[in-house]
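Notes follow the structure.
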Amino acid sequence: HSEGMFVQYVYPRWGIGREFERGRKWKPHGLGRYALGDEVDVHWTWEHPKVTAEHQAQLLNDWGQYWDLTDKPVLLEKTPSNAVISTFL
């Protein structure tokens with residue numbers, strides 16, 4: 001997996017990766033939906049139901065197996081769609 005979003009099950013994928021599904025009719029829900037979608041979907045606040053300590057712990061479990069934490073003062077998650085929720089990562 002080249003994107004962190006594909007190894008976690010907490011946050012939405014906003015349609016990214018769906019462009020490779022066979023037999024799927026085109027819908028306006030693909031790449032870019034994370035930035036161009038309805039505000040209620042992409043503008044998360046601290047009150048959003050996905051922003052919890054439990055979900056943060058789940059992300060650590062999902063991604064932690066891929067990280068070398070030796071001498072790493074900063075961890076970086078570069079998935080473009082996660083830019084809109086980076087505060088909560």
Side-chain angles (χ1 to χ4, degrees):
H1 300 269
S2 63
E3 293 292 344
M5 66 182 297
F6 294 120
V7 297
Q8 61 85 30
Y9 299 96
V10 174
Y11 292 131
R13 295 182 180 166
W14 282 293
I16 295 175
R18 296 197 66 199
E19 61 271 15
F20 301 112
E21 292 177 3
R22 292 182 185 260
R24 185 178 146 263
K25 291 184 180 180
W26 185 86
K27 294 181 182 177
H29 301 284
L31 189 61
R33 193 173 98 203
Y34 67 92
L36 304 173
D38 293 334
E39 186 171 354
V40 300
D41 296 327
V42 300
H43 181 212
W44 289 23
T45 66
W46 289 103
E47 289 76 34
H48 192 281
K50 288 279 190 172
V51 180
T52 66
E54 292 81 14
H55 284 138
Q56 289 175 332
Q58 182 62 49
L59 281 176
L60 183 59
N61 287 329
D62 291 343
W63 287 335
Q65 62 183 321
Y66 299 100
W67 292 337
D68 173 12
L69 298 175
T70 310
D71 262 353
K72 303 292 189 281
V74 175
L75 299 173
L76 175 67
E77 208 301 291
K78 62 165 186 61
T79 303
S81 61
N82 285 343
V84 298
I85 58 171
S86 61
T87 300
F88 311 114
L89 300 177

Quiz item: Under a 4.5 Å cut-off applied to non-hydrogen side-chain atoms, are Q58 and Y9 in contact?
Solution: no
Practice problem: Sequence neighbours left out, what pairs pass salt bridge (charged side-chain N to carboxylate O under 4.0 Å, His left out) with at least one residue falling in residues 58-69? | Solution: D68-K72
Quiz item: Under 3.5 Å, is there a donor-acceptor pair between the H55 and T52 side chains?
Solution: yes
Quiz item: Can you name the closest pair of heavy atoms from T45 and V51 and give their distance?
Solution: O-CG2, 3.7 Å
Exercise. Evaluate the ring planes of H48 and W44, with Trp represented by its six-membered ring, and classify them as parallel (under 30°), tilted (30 to 60°) or perpendicular (over 60°).
Key: parallel
Quiz item: Going through the checks in order, is the side chain to side chain contact (heavy atoms under 4.5 Å, CB included) test met by W63 and V10?
Solution: CA-CA 11 Å; W63 287 335; V10 174; over 6 Å; no
Self-check item: Partners passing side chain to side chain donor-acceptor pair (under 3.5 Å) against Q65 (at least two apart in sequence or in another chain)
Solution: none
